[in-house]
Undergrad: 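Right, I'll just put the structure down here and ask away after.
Quick caveat: nothing in here was measured; it's all calculated off a predicted structure. Naming: A, B, ... by sequence-line order, numbering from 1 per chain.
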Amino acid sequence: MHPEWISAFTFLAVSALVGGGLLAAAKVLRVRARAKPSELKLRTYECGEEASGNAWIQFHARYYVVALFFVLFDVEAVFLFPWAVAGRSLGLAGFVAVTSFIVVLMLGWLYAMRKDSLRWL
Amino acid sequence: MNALVHGALYGVVIVLCLLTTVAFGVWFERKFAGRMQSRLGPTRVGPYGLLQSFADIIKLLQKEDIIPADADGSLFTLAPVLAALCALGAAAVVPFSPTVIASDLDIGVVWVLAVGGLMVIPTFAAGWSSNNKFALLGGMRAVAQSVSYGVPLVLAVLVPVILSGTMRISGIVAWQTSHHWVAVWPVIPGLPAFGLYMLAMLAESNRIPFDIPEAESELVAGVTTEYTGAKFSLFYLSEYVHTLVGSAVASALFLGGWDGPFAPGLHWMALKTLTLFALVYWVRWSLLRFRSDQLMDLCWRRLTPLGVALVLASAAWVQFAPGAH
Amino acid sequence: MGYFTDTLRAMRTTLRNVFRPPTTVEFPDVVRPRAERFRASFALIDDENGESACVGCLTCEKICPSQVIKVKASPKRESPVTGKKRAYADDFVLDLSACIQCELCVQVCNNDAIVMVREPEQPAFNREDLVLGMEKLRANGRGKTVAWGRGTGLQEMQESKPKVEKPAKPKPAPVEAAKVETPAEPAKVEAAPAEPAKVESAPAAAPAEAAPEKSDCSAAEEAP
Amino acid sequence: MQSARRGGIDPHLSITHYDPEADLMLLHFGPQHPSTHGVFRMDLHLDGEVVIKATPYLGYLHRGVEKLCEKLTYVQQTPVVDKNDYVSPMTNEQALNMAFEKLMGIEVPRRARWLRLLLAEMQRISSHLLWLGTFTLDLGGALGGGSTVFLHCFREREMVLDLFEDITGARFHYNTHTIGGNRHDLPAGFAAKARAALDGIEARIGEYEDLSVHHAIFVARTRGVGVLDGDLALELGITGPVLRASGVDHDLRRDAPFHAYDEVPVKVSVERGGDCLARAKVRFAELRESIRLCRAALDGMPEGPICGFKPIRQPTQSKATSGQVYVGIETPRGELGTFLVANPDAPTTPYRLKIRAPSLHALSALPYILPGATVSDAVAILGSLDPIMGEVDR
Amino acid sequence: MTSVAFGVVAALTLLTALLVVRVTNLVRATLWLGASLLSTAGIYAMLGASFLAGAQVMLYVGGVVTLMIFGVMTTRRHEGLAAEAESTNTGRATAVSLALFVLLAWAIHGTPGLDVPATNGVGASPEALGRALLVDHVLAFEAASVLLLAAILGAAVIARRRDPGVEVPKPGSRAASMPHAAAEAP
């Protein structure tokens, strides 16, 4: 494994310690009102009313579409990164290739725009 | 083995520095916001209230830990830890000076985007596991928002990558040291790309005017509605760390990082980062909030094509501008 | 672009406020000046003889909308100081926790015995501390800054024609205890300088036009 | 489903009409919610984030004020109704005492009427400032620019409250009006202090506008949101700025002058939009107009007695044995009415006191204008109606 | 050292993958899938494919898992943490997966040229990747854009279709507001 990756993963481990450490510290420090909190205290908050039904409900499909668009544009970006690094050595051919790649994608964006699919509501 | 020690050592130092900066950053924000609002801000704990954040942390740690009866307990506990991990982890590849860098990855830019972008998972997990409607709505909004603003963020970051021809952040800073700061020259992809990055960064770290996920006047406290004590403080912390690391990345990618005269590189980097950090809070306390659909419209209908245009412009610059190489 | 310029303008506005002096003060160390008429807690005033000016006429108890005043009136007896016969209140209890600070008890007091205090009431740790008895009320009257409003003063302000720019502050006139001799029946308490303020009939179309079924309250108005 | 298909909203239809599969999320919005302006509750049926049906629930702040007043003598009621519209207590007192005066046929001296006008307009300034603060708080959150406007508004509102404190000694529940006039006269040097405060407030209005109505985000959040038709508003009995924002030119200060409004004419501001932005603009215009009216009142304040009756010394003297009256005045929220029936059996207390609260009528628009809005809009719409739960629930 | 680390990460990948199919709650399964994909990214990083690892996290964990979360959240109700789809065909499923595993292992084993040791990132640098994409495989690169275009068009079409069950009412005027009152008036 590349040493930089080892450092990076070590850094991640250190940052994980922050969260874990805080929770551990809280376990020591925190106040316990009672051995077992009352039932009322553990109830789900819904503005002081009895919660009506479960929160785990069906959501609107537009959320799905947003994620779909994100994945598509992210894929585009990921394709662009290697070119961005190698781009200047590839000359005009590379520039033309990437420009056409982007233009084709933006056609799709334009279509979605025209069809009003990029609206949230 | 060497790399392990290096990572651990720098990890501890950088993480501690970040946390301390956040503690005083929060103090600064509260003082600054207080003066904006004709208030005094914190005054009681320590001189000028400087130790206020530490008092807050101690207070939060002492609070009773409540996991709602209907919640998914393990996920509920795991989510804040993961959030702090993602926020801090992005700092691994940020060069604070030519030498102060935990891991000089060759794909540093992608690391920042990937680890920072992972924030959506703990946020959603927190919202979903709370089994609270406000939290769930907040979680869904948060995911939709960070996912959407991920696109302009990536496109903005592509500009310095294209200009410098490397994904190594220290390489980008070095290129700026020998050429120009990206935000300064070439002006056309550079400056708008910087602005685009800052906007997307505001949205990713849920700061006003983009704080839809925890819009407290609508969703009470968004994903953190059911959270108390230490877990809440972790979310709070990770938000600030996210903003701070985002500012650091912005100064590295667009403002020349450690580049600057008269003073050591570390000082310049700190100065630029803190200036951007303060700017974020200045904006935060001056603006109202967008509505979620306006936020999405802004992202998909305005910022995304802007980002694509900037990428094309920088490609053209690299290709055709004399002396760009 | 509108967003951008508007944001800059908003940020300029907030920045301008950063350089203004803050409005808030550090409270217990710095106290904002209170208005002269500020009304907070209560006090029972002593008359010039060092006795409580309250004669136990029960007017304040009757007028109090939230019924927080309980007065125990005693029959007339000789004053140990002056030797004259006068009425006393044996006990006077005011429950501050239910008081709405409406100032009506002050207004109706013909002896200027009960007044309000300019120092805001201190928070208490338990409810009993908020129940002001005779001792506490009289101690307030001696120890704390007493507010401007007195019964006779307020009555005079409403009935006479004070000049606008003239200090409307009435002199805290010394109480003439002798003046009120028959306080036992509150209904019989004489209104002091009993000058029926004649209504200046304005030509305006005041909405308070006389109702057709006018009651006999006008008689009461002219009564004094 | 039928009516929903026709593109309309029927707030009275059951939710099954809109959603046969009952797949909507029922969200209890309130009473313990940061932006329900006290303890108000609406049950929102949400499709994603869009409100399909809204059902308001009232009564969380019911204190039985009207019933209580039946047990109190006339003079004792003023401090009690102070707490109804706790954002503009002055106008509460005025409406109540004007009803008493009308019932008993008492004339109010001219100075008292001018004084009441001054107090009412100062109260309108403070009330609208508080509205602006809470409205931006709804739009911008307690951790953002909203709270900045909020605290700026409170800073200026303090100036008005300081003036009230100078007059009455109280900052909030004044009890300064009484039957036949006022209890407190203006203190010495009041006019100069008041003018200074008014100048200070007027100078800052531009700053509020920079942070709110002139800001593109505010406009984006409010334009076209919560559109209320003028006809519907009239049908629901809505008055005040909400009605005027819907294009209906109606203001009791001009149309049925009370106090001294016949001597100080009012310029009524009307907007056509009917949305949250129009309501904001109307209130901003009223803010400026009120400052002008206050200056006029200070300039033209006549000399004379401030009370035409002395009811307080002997509370049993203010009595009425027959008759019933209604008095409506224009408060910052609309027409505050007091309906009073004299009690022949107990002349010192009313037989019935009914308060017509403008906020209640404004809230009745919610089921009509909420459907189709998002949760964020719902907060903005509720805030733009400026409800005060104290007077809604009474 | 490296092999120990690899063993840990590989075991993690397998474990989380197993949890994905064994967990009964769909949301949790999706989150476990995210963990599994993350450890896969770890394996890529170990093999020196830096950019692939980064892209894996960005695209799969950040993007696809989000997509699946939204897919789960928008398809059906989830009543609590209870079992969603307890399969009764565990035996048969195990047999099929084992068979698939054997088949794949055989195929991989039989493919020549796969026993090259890890390159420590020499051949997989982003520069090399870019060169390969834009010079050697430029046609595939452009074809990918067309594929993405098709996907965007598809997404746009999905987005346009409104949920037929609930008609979002338009806040409107009084005329539109009370049809029911008008209809029921005698």
Side-chain angles (χ1 to χ4, degrees), chain B residues 1 3-4 70-75 78-79 82 85-86 89-90 93 103 105-129 131 136-137 139-140 142-148 150-151 153-154 157 161-162 165-168 171 204 296 300, chain E residues 1-2 5 19 23 25-35 37-38 41-42 44-45 48-74 78-82 120-122 124-130 134 152 155-156 159 168:
Chain B
M1 218 60 226
L4 200 69
D70 290 341
D72 182 344
S74 49
L75 211 53
L78 194 62
L82 284 181
L85 171 66
C86 293
V93 294
S103 159
L105 273 185
D106 54 349
I107 55 142
V109 167
V110 179
W111 171 277
V112 168
L113 292 173
V115 176
L118 273 189
M119 268 298 259
V120 297
I121 302 286
T123 313
F124 171 77
W128 181 80
S129 66
N131 194 4
L136 188 70
L137 276 176
M140 293 296 274
V143 176
Q145 174 182 331
S146 351
V147 147
S148 301
V151 172
L153 190 72
V154 171
V157 164
V161 173
I162 292 170
T166 174
M167 280 193 270
R168 196 187 291 272
E204 290 265 314
M296 295 296 179
W300 287 109
Chain E
M1 168 70 198
T2 310
L19 281 168
V23 164
N25 183 289
L26 278 179
V27 174
R28 288 186 142 200
T30 317
L31 292 176
W32 280 123
L33 178 68
L37 292 170
L38 261 182
Y44 292 154
S50 292
F51 183 70
L52 189 57
Q56 164 91 0
V57 176
M58 222 164 97
L59 275 186
Y60 281 88
V61 190
V64 173
V65 168
T66 313
L67 187 69
M68 295 182 75
I69 285 175
F70 278 164
V72 169
M73 295 306 289
T74 52
H78 313 281
E79 292 301 338
L81 300 167
N120 240 0
V122 177
S125 72
E127 291 89 345
L129 202 61
L134 287 165
I152 290 179
V168 177

Undergrad: In chain order, what residues pass the side-chain contact (heavy atoms from CB on, under 4.5 Å) check against B:Leu82, with sequence neighbours excluded?
TA: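 In terms of side-chain contact (heavy atoms from CB on, under 4.5 Å), with neighbours along the sequence ignored, B:Leu82 is linked to B:Leu78, B:Leu85, B:Pro122.
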Undergrad: Between E:Val27 and B:Phe124, is any pair of side-chain heavy atoms under 4.5 Å apart?
TA: yes
Undergrad: Counting only heavy atoms closer than 4.5 Å, note whether E:Leu38 contacts chain B via side chain, backbone, both or neither.
TA: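 Only the side chain of E:Leu38 comes within 4.5 Å of chain B.
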Undergrad: Could you measure the distance from the CG atom of B:Asp106 to the OG atom of E:Ser50? Nearest 0.5 Å is fine.
TA: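 One finds 4.0 Å between CG of B:Asp106 and OG of E:Ser50.
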Undergrad: I'd like to know which of B:Val120, B:Leu105, B:Val143 tops the heavy-atom pair count under 4.5 Å against chain E.
TA: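 Heavy-atom pairs under 4.5 Å are most numerous for B:Val143.
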Undergrad: So for B:Val109, is it side chain, backbone, both, or neither that comes closer than 4.5 Å to the heavy atoms of chain E?
TA: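 Neither part; nothing is under 4.5 Å.
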Undergrad: Find the one option among B:Thr166, B:Leu118, B:Val147, B:Ile121 whose heavy-atom pairs under 4.5 Å with chain E are most numerous.
TA: B:Leu118
Undergrad: Let's test your reading of the structure: which of B:Val110, B:Val115, B:Ile107 forms the most heavy-atom pairs below 4.5 Å with chain E?
TA: B:Ile107
Undergrad: Write down the atom of B:Ala114, the atom of E:Gly54, and the distance for their closest heavy-atom approach.
TA: CB-O, 4.0 Å
Undergrad: Please name all residues satisfying side-chain contact (heavy atoms from CB on, under 4.5 Å) with B:Leu75, sequence neighbours left out, ordered by chain then number.
TA: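 Here the qualifying residues are B:Asp72, B:Ala125, B:Trp128, B:Ser129, E:Leu31.
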Undergrad: So which part of E:Ala53 gets closer than 4.5 Å to some heavy atom of chain B, the side chain, the backbone, both or neither?
TA: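 E:Ala53 has no heavy atom closer than 4.5 Å to chain B.
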